[in-house]
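First comes the structure, then the notes that go with it.
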Amino acid sequence: MVSGNIFYCKKHSWPPEEYISRATLHLLDFDSASPPEHAWRRRLNSHANLLREFSVTFREAVKMIRLGLRLWSYVREEASHGRKAPIDPFTRESCKPSASQGVPLGGMGSGSITRGFRGDFRQMQIIPGLCEPSPIMANQFSIFISRDGGNKKYASVLAPGQHEGLGKPDDHGISSWGWNLSGQHSTYHALFPRAWTIYDGEPDPELKISCRQISPFIPHNYRDSSLPVAVFVYTLVNTGKERAKVSLLFTWANSIGGISHLSGDHVNEPFIGEDGVSGVLLHHKAKDNPPVTFAIAACETQNVDVSVLPSFGLTEQSHITAKDMWGKMAQDGHFDRDNFHAGPSIVSSPGDALCAAVSASTWVEPHGKCTVAFSLAWSSPKVKFLKGSSYNRRYTKFYGTSERSALNLAHDALINYKRWEEEIEDWQNPILNDKRLPEWYKFTLFNELYFLVAGGTIWTESHLPAKEEESNWVSNHDRSVKVKTTAARIKPAKMNGKHNIVVKHDQISQQGPENNCEDVGRFLYLEGIEYIMWCTYDVHFYASFALLALFPKIEMSIQQDFAKAVLCEDGRKVKFLAEGNYGIRKARGAVPHDLGTHDPWHEMNAYNIHDTSKWKDLNPKFVLQIYRDFAATGDMSFALDVWPSVRAAMEYMEQFDRDDDGLIENDGFPDQTYDAWTVHGISAYCGCLWLAALEAAAAMAHRLGDKGFEEWCKSKFLKAKPVFEGKLWNGSYFNYDSGLSSNSRSIQADQLAGQWYIASSGLPPLFDDFKIKSALQKIYDFNVMRVRGGRMGAVNGMHPNGKVDESCMQSREIWTGVTYGVAATMILAGMEEQAFATAEGIFTAGWSEEGYGYWFQTPEGWTTDGHYRSLIYMRPLSIWAMQWALSLPKAILEAPGINMMDRLHTSPLDFRAGYGDTSRFRKSASRRSWFGNQVFQCTCK
């Protein structure tokens, strides 16, 4: 339990009045135009420094030279087939990463676009696994202002002109536009999924402007949160004595990033929709990928007139150039109404860019206010994997599979955004208004969720490929779909010949949740934009707290995918690059490292550095996540569905207990998530996870009535725990491992990962309170405070003499997500002051103005001098484990306990009988009140 007066009192205070005048805040204090009190802030003229990437030391390079050569060969081989390797450290983007990111646009799983804090649109991820980081400079908002008499006129792009390629003389492209905004009096305020940009007298000293960016990321809303759409609401306040004519301009290039705007065959088309919504559709023909249609729109009202320019180009040869378009707006403040009837544009030729513009014009009276709303939508209904099938995205369940649904998406966004904001505020306000919480934590908690949009997420409509789904579809009310049989590539499981588990390939790759009242489809997210593997499970272990807290049905859908995978085998040969040896892609009973890259769900384990069937952390992490999710939701049907996989995962680990002491041993290579950090014998990390998995499996068996397996787990636990403590506990912390290497006594920040999950699941602690707090205090004193005074986070490894463990690149790194996990463990142990001081180091180094510029692109980790590795990474979502620890769900607090010392005295062999037959547990389970007073509603009522 967490104490009442718990929170670390130090905080970064960023009151908005330090960035915007109080008078402006007062003027904007209506219709949500004023930025919130708690938000991440930057001035638009802030320098966006280039980020510094880590480099390996000479000693590390020598150790990895053979791996590097094999990886280089593999990357080239994949490229020869037109595919990108999941891990490619050799290819560098032409656009160097910089500290310029902001809140991404759209819901989850339908592609994403990031809007940088200075107003540019960048980081386009419309195609699965492909991220185009460079900003598309034609995509802009601009403003044109003239006052009565025409004596005062202003025209400017609403972004500072600090980009390469601007300001070319005699240019007919975007350099001809007015890049007049300095950004000195303009500020950006981010609180995901919303952002505010305040122009405090820029470019017109007598006009205050607020741009509010809204995306439909709404917890527990599995419809709207899938929509590829964003709204931009401009609030205009005229402080002058003359009324002002204000025209806002939204321009957009027919592009999905990179040089795709030059590929040709693109068409733009104006439209007039219902409820005053009108704009332009931009139909993009993507090479070797499904087509995409963008919609840019504005809402016409009694006070706002909307006009469009369906097409213009960026070169002098264009029929209408960007310079012509700008001149028209500067002169008239609008486009011709006849443009709405122009019909589709001429198909663009290769080498020619095709852009569109929407203008919304209004008069603002002296001391008056006005609101203008724009929307941006994109429709790419099918997601196609290079080696696999095509799937319909989740939003097509509600909008159909036509690319033209972008029009309806843009329309509905402008109609519904106020409701979305109300739901977002209802979710966020209890945390934002909690005066005990440090300010930095409040907005960082929400802003780290950016990854669920910008992390390459894919959310499919159902478990069937698109063609099969369409040919077998009956109705939304009758989902009894006939599944076409395909040639099995993955064999059904038959564990050691002892147990009859019949799981067909069709069930693994296509079957949906059997007992869930709402099929939420399937969900994928990348390990990171540099590590292109879907749902990397050892990392999901940390990140999953965010999904469980906010979208529990998605979290449980992912767990069901992995549960089915446990019972499968894929016998295709794979070369493992670390040693150059061969093995099978997926072993029965082993939890896969990931769901794949180019053919997810069918070709798992895209990671091929090591043979992950020999890793020691994946199976325990699976069991721990399953139990936590079950305990939090009380979903008995979920528990029964995955139970055979839990047992299979536990039995699989027996092979790694080579001396029959109940404890698994590591094998002298990096056989866990720290895949460059060698482990010998018993390890603190994997051993603690194994002890925790035994306790969680016993607790789950107890609740399901499987007494034989409960006894087996308890027996193993009682043998293993004294061995673990006897070989690793040194009086103040657990040694890194039981080997004799130079780093065997290192202090590992993540040594209590198993205890973290046990406490998060409401189970009794693995160790006595003294050992837990002593180890955590050691981590705080050494791994945290001895690295730049605690301003960097927790370094992974630290020698007991106070020097950073430099035995490999990962031991000397600070992992952001691990640091958040350690902080959560501290909270659960009643060490709240140390917890927030530890996590604040990640904020200071990554998000603060004095840090390294990693906002909205939090990397896997950084070195002690701030050099990053792997930007936009999954693991930092573990900050939600801190919030989980601060407010454990009622279902967790009231879950039935288990005493691991209370033996049942049944034969440990009894659990093997009837393996995989869960029907005998259903009767006893059904008599219990599993679904009462649950926080998460994941089951049918």
Side-chain angles (χ1 to χ4, degrees), residues 7-14 18 38 40-42 46-54 97 99 101 190 437-445 447-448 542 746-750 776-799 801-806 809-827 831-871 873 875-876 878-879 881-882:
F7 299 105
Y8 185 50
C9 58
K10 179 185 174 184
K11 57 184 173 182
H12 286 267
S13 182
W14 290 0
E18 290 187 8
H38 305 294
W40 180 89
R41 311 184 198 281
R42 279 295 178 279
S46 298
H47 176 60
N49 58 287
L50 294 178
L51 306 181
R52 297 179 298 172
E53 190 171 11
F54 88 109
Q101 301 288 67
L437 290 170
E439 183 181 19
W440 67 264
Y441 170 79
K442 294 178 183 180
F443 56 76
T444 307
L445 178 71
N447 285 338
E448 287 284 18
Y542 297 82
S746 285
I747 307 162
Q748 185 179 11
D750 217 359
L776 290 172
Q777 188 64 47
K778 193 76 172 184
I779 293 165
Y780 178 73
D781 291 340
F782 281 72
N783 301 59
V784 178
M785 297 307 297
R786 294 204 180 191
V787 179
R788 304 211 174 186
R791 301 177 67 79
M792 297 287 289
V795 69
N796 284 335
M798 177 72 78
H799 289 297
N801 63 3
K803 293 184 179 180
V804 172
D805 182 345
E806 297 186 347
M809 73 175 187
Q810 290 176 340
S811 63
R812 62 183 173 91
E813 288 180 327
I814 294 153
W815 283 11
T816 52
V818 167
T819 299
Y820 287 143
V822 170
T825 313
M826 290 173 172
I827 291 171
M831 300 171 64
E832 296 84 9
E833 182 173 340
Q834 294 94 325
F836 280 96
T838 296
E840 188 176 9
I842 300 301
F843 167 79
T844 301
W847 290 80
S848 74
E849 287 195 78
E850 62 193 84
Y852 299 103
Y854 297 130
W855 47 82
F856 300 103
Q857 52 188 332
T858 316
E860 158 74 308
W862 46 67
T863 58
T864 55
D865 55 2
H867 295 194
Y868 75 88
R869 182 169 63 81
S870 187
L871 294 171
Y873 197 78
R875 206 183 315 250
S878 60
I879 192 173
M882 295 180 66

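By the 4.5 Å heavy-atom criterion applied to side chains, R812 and T863 are counted as neighbours. Between Y780 and M831 the shortest side-chain heavy-atom distance does not fall below 4.5 Å. V784 is not listed as a side-chain neighbour of T819, based on a closest heavy-atom distance of 4.5 Å or more. Side-chain contact check for F836 versus M882: some heavy-atom pair is nearer than 4.5 Å. Looking at heavy atoms from C-beta onward, E860 lies out of side-chain contact with Q810 at the 4.5 angstrom threshold. M792 is listed as a side-chain neighbour of Y852, based on a closest heavy-atom distance under 4.5 Å. Side-chain contact check for F443 versus R41: every heavy-atom pair is 4.5 Å or farther apart. Residues V787 and M798 have side chains in contact (heavy-atom distance under 4.5 Å, counting atoms from C-beta outward).
The heavy-atom pair separating L51 from L871 by the smallest distance is CD1-CD1, 3.9 Å. Taking each heavy atom of Q748 and I779 in turn, the nearest pair found is O-CD1, 3.8 Å. Considering all non-hydrogen atoms of both residues, A99 and A48 come closest at O-CB, 3.4 Å. In this structure, R786 and G802 approach most closely via the heavy-atom pair NH1-CA, 3.6 Å. Considering all non-hydrogen atoms of both residues, I842 and T816 come closest at CD1-CA, 3.8 Å. Listed here is the closest heavy atom pair of I814 and A794: CG2-O, 3.6 Å.
In this structure, the side chain of R875 does not engage the main chain of G861 through any donor-acceptor pair within 3.5 Å. With S878 contributing its side chain and G817 its backbone, the two residues share a donor-acceptor pair below 3.5 Å. Checked by atom type and distance alone, the side chain of D805 never pairs as donor or acceptor with a backbone atom of H799 at under 3.5 Å. Proximity of a side-chain donor or acceptor of R788 to a complementary backbone N or O of T864 within less than 3.5 Å is detected. Using modelled atom types, no side-chain atom of W440 and backbone atom of S848 make a donor-acceptor pair closer than 3.5 Å.
Taking the six-membered ring where the residue is Trp, the centroids of F856 and W40 are separated by under 6.0 Å.
Checking Q857 against Y868 by side-chain atom types alone, no donor-acceptor pair falls below 3.5 Å.
Here the straight-line distance linking atom CH2 of W862 with atom CZ of R52 works out to 12.5 Å at 0.5 Å rounding. The structure places OG1 of T858 at 5.0 Å from CH2 of W847, a figure rounded to the nearest 0.5 Å. Rounding to the nearest 0.5 Å places CD of Q834 at 13.0 Å from OG1 of T825.
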Please walk me through it: do V795 and F782 pass side chain to side chain contact (heavy atoms under 4.5 Å, CB included)? CA-CA 9 Å; V795 69; F782 281 72; over 6 Å; no
Assess the residue pair N447 and W855 against the criterion (side chain to side chain contact (heavy atoms under 4.5 Å, CB included)); give the C-alpha distance rounded to whole Å, side-chain angles, the decisive distance to 0.1 Å, and a yes or no. CA-CA 9 Å; N447 285 338; W855 47 82; over 6 Å; no
Does the side chain to side chain contact (heavy atoms under 4.5 Å, CB included) test come out yes or no for Y820 and T444, once each step is laid out? CA-CA 12 Å; Y820 287 143; T444 307; 3.8 Å; yes
Run the side chain to side chain contact (heavy atoms under 4.5 Å, CB included) check on D750 and W815 step by step: do they pass? CA-CA 10 Å; D750 217 359; W815 283 11; over 6 Å; no
